[in-house]
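When reading the values below, keep in mind they use all heavy atoms of this one structure, side chains included, and skip hydrogens, waters and symmetry mates. Note that the structure is a prediction, hence the values are computed from the model and not measured. Just so you know, residue 1 is the first one in the sequence shown, and it goes up from there.
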Amino acid sequence: FIEHSPIDGIHRVFAYRTLAEARMVLVVGTSHDFLLQPWYAMLWLAALVTAIVAVVLGWLFCLLGRSWLRLYTAEDQALNNERTWQSMFNHSPVAQMLQRPFSTIVSVNDKFVELTGYPRADLVGSMAKDMGLRVDDTLGAHFVETLKSQGRATDMEMHIRRKDGS
């Protein structure tokens with residue numbers, strides 16, 4: 001409200017304002033701008049903080065979006081590679097068996113199942129040695145030694161016993 005001061009004859013603006021430490025404070029000034037100046041300052045500060053937070057959040061969302069896109073693309077590529085490898089492995093005209101070193105059979109392809117007569121479920125998870133798949137253990141030992149010394153064994157022929165014993 002605006003009042004005329006009886007002491008000096010100047011029109012003064014009176015306003016009540018709340019502060020954190022006091023419930024209500026009487027503020028007296030010569031104009032509305034003088035009374036609203038603290039609120040303007042707080043408004044500009046709040047606007048600045050809001051703008052900075054918005055920019056930072058936008059930047060973070062952009063980074064997260066790009067990271068998610070890269071991850072999604074890499075995962076999709078890995079899945080496609082896995083499908084391609086699985087298809088090539090399963091449809092190969094050569095019988096193939098994947099086995100952990102000195103451990104269980106991980107996978108066999110369709111040709112291996114066809115040639116040995118064993119169902120895939122019987123082979124996967126079992127040990128080739130326990131099933132008696134190798135006809136000649138010296139070839140198996142040579143295979144293992146080659147793997148140990150060279151880190152790989154290629155173009156090695158292995159004689160495998162069929163389920164019927166032949």
Side-chain angles (χ1 to χ4, degrees), residues 17-25 36-166:
R17 179 165 73 178
T18 58
L19 298 173
E21 58 274 351
R23 289 231 155 204
M24 201 177 327
V25 175
L36 296 176
Q37 186 178 2
W39 283 294
Y40 287 146
M42 289 187 329
L43 179 65
W44 279 107
L45 180 63
L48 179 64
V49 168
T50 303
I52 290 171
V53 167
V55 167
V56 168
L57 285 176
W59 180 69
L60 285 174
F61 282 131
C62 182
L63 285 179
L64 286 173
R66 286 180 21 199
S67 295
W68 179 81
L69 184 62
R70 280 190 211 131
L71 180 64
Y72 178 76
T73 304
E75 184 179 340
D76 191 43
Q77 183 66 36
L79 188 60
N80 285 339
N81 290 347
E82 175 68 21
R83 285 186 192 135
T84 301
W85 180 86
Q86 195 70 23
S87 177
M88 289 171 47
F89 177 76
N90 280 331
H91 297 92
S92 172
V94 177
Q96 296 180 34
M97 171 179 72
L98 294 178
Q99 179 181 359
R100 290 189 179 95
F102 315 108
S103 185
T104 59
I105 297 172
V106 176
S107 184
V108 293
N109 70 352
D110 297 338
K111 194 65 169 181
F112 192 90
V113 170
E114 177 188 326
L115 289 177
T116 61
Y118 284 98
R120 189 181 313 268
D122 288 353
L123 292 167
V124 175
S126 62
M127 294 185 72
K129 185 177 182 179
D130 294 343
M131 293 190 70
L133 287 176
R134 291 193 197 112
V135 173
D136 185 5
D137 266 347
T138 58
L139 287 174
H142 176 65
F143 179 77
V144 169
E145 287 303 316
T146 304
L147 270 177
K148 283 182 180 178
S149 64
Q150 298 177 10
R152 59 186 252 174
T154 58
D155 300 328
M156 294 186 78
E157 195 171 298
M158 194 70 82
H159 297 282
I160 301 291
R161 186 172 288 115
R162 295 178 43 85
K163 185 175 182 179
D164 62 10
S166 60

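- A distance-only check finds no donor-acceptor pair linking the side chain of S87 to the backbone of T84 [under 3.5 Å].
- The CD1 atom of I160 sits 5.5 Å away from the CG atom of L133 when rounded to the nearest 0.5 Å.
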With a 3.5 Å cut-off and sequence neighbours excluded, list the donor-acceptor pairs that the side chains of residues 47-76 form with protein atoms.
unit_1: T50; atom_1: OG1; unit_2: A46; atom_2: O; d: 2.7
unit_1: S67; atom_1: OG; unit_2: L63; atom_2: O; d: 3.0
unit_1: T73; atom_1: OG1; unit_2: L69; atom_2: O; d: 2.7

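- One distance of note links CG of D164 with OH of Y118; it measures 9.0 Å at 0.5 Å rounding.
- You'll find the side chain of S107 stays beyond 4.5 Å of the side chain of Q96, heavy atoms only.
- Among all heavy-atom pairs drawn from K163 and G117, the shortest one is CD-O, 3.6 Å.
- Residues K111 and V94 form no side-chain contact, since every pair of their non-hydrogen atoms from C-beta on lies 4.5 Å or further apart.
- Side chains of M127 and T104 form a contact here, defined as non-hydrogen atoms less than 4.5 Å apart.
- Taking CG of N109 as the start and CE of M88 as the end, the distance is 12.0 Å to the nearest 0.5 Å.
- From F112, atom CZ reaches atom CD1 of I105 across 6.0 Å, with rounding to the nearest 0.5 Å.
- Side-chain contact between T116 and V108 is absent, with no heavy atoms from C-beta onward closer than 4.5 Å.
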